[in-house]
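Here is the structure we will look at, set down as structure tokens.
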Amino acid sequence: MPQQLEVTEYDVIILGTGFVESILAGALAKTGKSVLHLDTNEYYGGSWTSFNFRELLDWAQLLQGHVEESSGNCQETYFEGKKALPTNFSKIRRQAYSTIEYEIYATLKQTDNAEESEESQHKREQNTSEETIHHVSTGLTNPERETLTTLLKESRQYNLDIAPKIMPCRGELIELLINSGVGRYLEFKALDRTYIYSDQDNFYKVPCSKEDVFTSQTVSLIDKRKLMRFLTFALDFTTSPETFDGYEEKPYDIFLKEKFQIDGKLLSAVLYAITLIRTKANDVNTIQGLTYTQKYLKSLGRYGNAAFLVALYGAASEISQGFCRISAVFGGIYMLNHSVKHLLIDESSNNFTGLIDVNGQQLSSTYLITAIDYIPENLLQENEECEQISRAIVIIDHFIHEEDDATLTIFPPDSVGNEYPISVLQFSEGTRTCPEDKYVLYMSTKASGESAKEDLYKALEKLVNISNNDSSLSSPLFALFYRHKYRDTTSLSSLLPNNIIVTNDPDSSLDFEAATIQAKQLFEKMYPNEEFLPVGPDLDDDEFSLD
Amino acid sequence: MSTTNNRQNAHASGKLYQFKLVLLGESAVGKSSLVLRFVKDQFDDYRESTIGAAFLTQTISLDDNTTVKFEIWDTAGQERYKSLAPMYYRNANCAVVVYDITQASSLDKAKSWVKELQRQADPNIVIALAGNKSDLSARRAIDSEEAQAYATDTGLLFFETSAKTAVNVNELFTSIAKKMPLEQLAANSRGRGSSSKQRGVDLTSPTSSNNCSC
């Protein structure tokens, strides 16, 4: 039975429960705006969500086009004098992803009781798409099928982020989580360590704090001095502008080499593992670089000796749910699994006036906030220059460096034939990403080659025994490679009405900073006189009031 | 962080156990009213749907040595269109599934929420079924016996409650507290999540004092 809404007019309708949309939903409801928040998906998080193993397989199949989707096959038309532009969520979302490939590996360790697992597998298969399982298991060898069975059996213990990110301890997001109270819904751990790969197949722990520099075994005394001098400067770089005078617009690596004699491995560590540059060194100027380095250094020490936090059970999806809850607590209305047929545009003013939902109900609002996937095709423009990100989610049976809950490993450019730095986050059961005896690797880099797999495979080979030639490495059970676009406002037609506010896709950075800042800026653009998620009265306990 | 579960703290006069309790049930069966009665001993005849409460806490002393603190999560209306977030169920130790004894369909809805809990929540979750609005017995549409039989079959605690007159409200929460496996939690310090909790990070408790940033 279609669920008709009692209220059909809102201040803001929001399409998509991704990270940016959800923060906005919370912020708007908290200032008293009436919010209707819809998502075509039956889950929270949009393209920022996390999946259990089975859902991840379903998703991969969907994006590969193996599963039939009902497409919004509606025509542009007119509705009560307004132009009604059809949305095509499934198609547009699918176009954002490419080069999707997954592999299931035969493992050496077999489950003891195959009989039982087969039975429980059968049970689960009744709940989800038989089609997926059938498609996936076709062509697998018996040992590979055994791996699949194990993964499916433990499916619900996986919380796999499709756009995994970490949080600098003194970043915008952490402040927002504290001030909004959303942080109380979540659980966090510190990122234990950062490693950097260097030629000769070695991984080095990256010294970041003064303490680390002192105790590091891998840094020479001379390098220690250089690093200390630089870190001390970078922490307060704005107070000694003479040091970077004339270098402002010059590449950061030139500045580091010329002013601090930082070169070679040490330079790589500063650029890619401390400053976490996601592109080539010469694409970042000195001011940008120093700003990033400073942010990193300031994050150290707030929560122990870690610069980053990891959210348990998947980051973006949990954070999105938290902000949606804030929105709901302040009256926001939530409907998942609820799609949109048409957006209504008033032709004389070129303003968005409302939408027609899946039930044919007309819902109107002053503003529409939307993820790009919901925008009608003729308001989007093909953007060949659009940045793409290559990612992999790899499930392995053993940790790669040491037994930590969360680590970051960086492959600097050209270290494994890669054009851009490759980052590898390893999460354990302690982060609630996977079952106890498994680990998950999240790999990412800016796309450069033909496919996500091509961009990441050589780095993966250094970490995991993926080509059966080094049995001292961890064994893989599953790997999913995919590439996605980073679509931002440049993907939009100039015809887009002013009162349609568009949120960006997950970017290539390792953190949520840009996305958090976008949420804040969009809010301020819409309601310049309202405060963005002000520190409110404590909602806990004594705030059980109606108004 | 206050969302921590199974926390067993040294308390002035004994042990304090903290649990996350979630409320479920159809809209307008009186979920929030039950909590308001339990936590504040108040009732508002004209309560609109829940606005403005993230979660509430209330403690119950079971005996001189044992205190149970409930962190109570309300649905915030997200149940209305079946859009409750997985986060809501996450680490819930107990649940109160509420129906309205004057609404025939609300017990069926309650049953489907129980199924949802069995699917989404921890298998050891303690569930109580509450037939609310027992003060309106003149308009009763659901027999106590029927609900009691279902609760017994399914292993749920069962009470008919009235948030308005306070009948059975404290009894409901107290019996949940009594049913929580406290001994087991005390014996097993590695309660769900606690192994990593020990090293978990509390956002509001920085540790910067003993650490220098470079």
Side-chain angles (χ1 to χ4, degrees), chain A residues 3 39 43-44 174 177-178 181 183-190 208-211 213 228 231-232 234-235 297-306 309 312-313 317-318 321-322 324-326 328-338 405 429-432 539-541 543-547, chain B residues 1-5 20 32 35-36 39-40 42 44 46-58 71-88 90-91 119-120 192-193 195-214:
Chain A
Q3 289 176 305
D39 199 313
Y43 50 81
Y44 280 91
I174 293 291
L177 289 173
I178 295 171
R184 293 185 311 185
Y185 300 146
L186 308 169
E187 295 173 50
F188 304 91
K189 292 198 116 177
C208 341
S209 61
K210 276 182 181 173
E211 243 172 41
V213 176
M228 288 297 276
L231 295 178
T232 308
L235 188 61
L297 295 173
K298 287 199 161 170
S299 284
L300 286 167
R302 184 180 199 178
Y303 303 116
N305 194 23
L309 294 185
L312 272 53
Y313 303 101
S317 164
E318 291 288 292
Q321 289 173 44
C324 288
R325 181 164 162 82
I326 291 285
V329 161
F330 286 95
I333 293 177
Y334 278 81
M335 293 177 101
L336 299 181
N337 199 8
H338 198 90
D405 278 333
E429 180 267 348
T431 65
R432 302 296 179 267
L539 285 175
D540 198 355
D541 245 340
E543 273 308 309
F544 197 74
S545 60
L546 277 173
D547 303 300
Chain B
M1 192 164 66
S2 48
T3 50
T4 305
N5 304 287
K20 173 175 172 181
S32 307
V35 178
L36 192 60
V39 175
K40 306 232 155 167
Q42 289 172 1
D44 180 351
Y46 301 100
R47 260 191 87 71
E48 301 265 330
S49 8
T50 316
I51 291 183
F55 45 76
L56 292 151
T57 56
Q58 176 68 303
E71 178 185 291
I72 304 170
W73 289 47
D74 205 339
T75 56
Q78 284 179 308
E79 82 286 9
R80 181 174 292 236
Y81 301 107
K82 290 271 174 195
S83 300
L84 267 182
M87 166 190 278
Y88 190 71
R90 180 111 56 226
N91 292 336
R119 198 173 68 82
Q120 295 243 33
R192 183 185 52 256
S195 67
S196 61
K197 285 274 166 47
Q198 291 154 4
R199 285 174 292 136
V201 172
D202 181 347
L203 291 192
T204 53
S205 303
T207 54
S208 49
S209 52
N210 54 1
N211 257 296
C212 56
S213 39
C214 304

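Scope of the values below: all heavy atoms of this structure, side chains included, with no hydrogens, waters or symmetry mates. Order of the sequence lines sets the chain letters (A, B, ...), proteins ahead of strands, with each chain counted from 1.
- Note: Tyr313(A) OH to Met87(B) CE = 11.0 Å, rounded to the nearest 0.5 Å.
- In this structure, Tyr44(A) and Pro86(B) approach most closely via the heavy-atom pair CD1-CD, 4.2 Å.
- Closest approach of Cys324(A) and Gln78(B) over heavy atoms only: O-NE2, 3.8 Å.
- The CG atom of Asp202(B) sits 9.0 Å away from atom CD1 of Ile178(A), with the distance rounded to the nearest 0.5 Å.
- Across every non-hydrogen atom of Leu309(A) and Leu203(B), the tightest pair is CD1-CD2, 3.5 Å.
- Listed by chain and number, the residues in a ring-ring contact (aromatic ring centres under 6.0 Å, His included) with Tyr43(A) are Phe51(A) (sequence neighbours excluded).
- Once rounded to the nearest 0.5 Å, the distance linking CD of Gln321(A) with CG of Leu84(B) reads 10.0 Å.
- With rounding to the nearest 0.5 Å, the separation of CZ in Arg432(A) from CZ in Arg90(B) is 10.0 Å.
- Residues Glu187(A) and Asn91(B) have side chains in contact (heavy-atom distance under 4.5 Å, counting atoms from C-beta outward).
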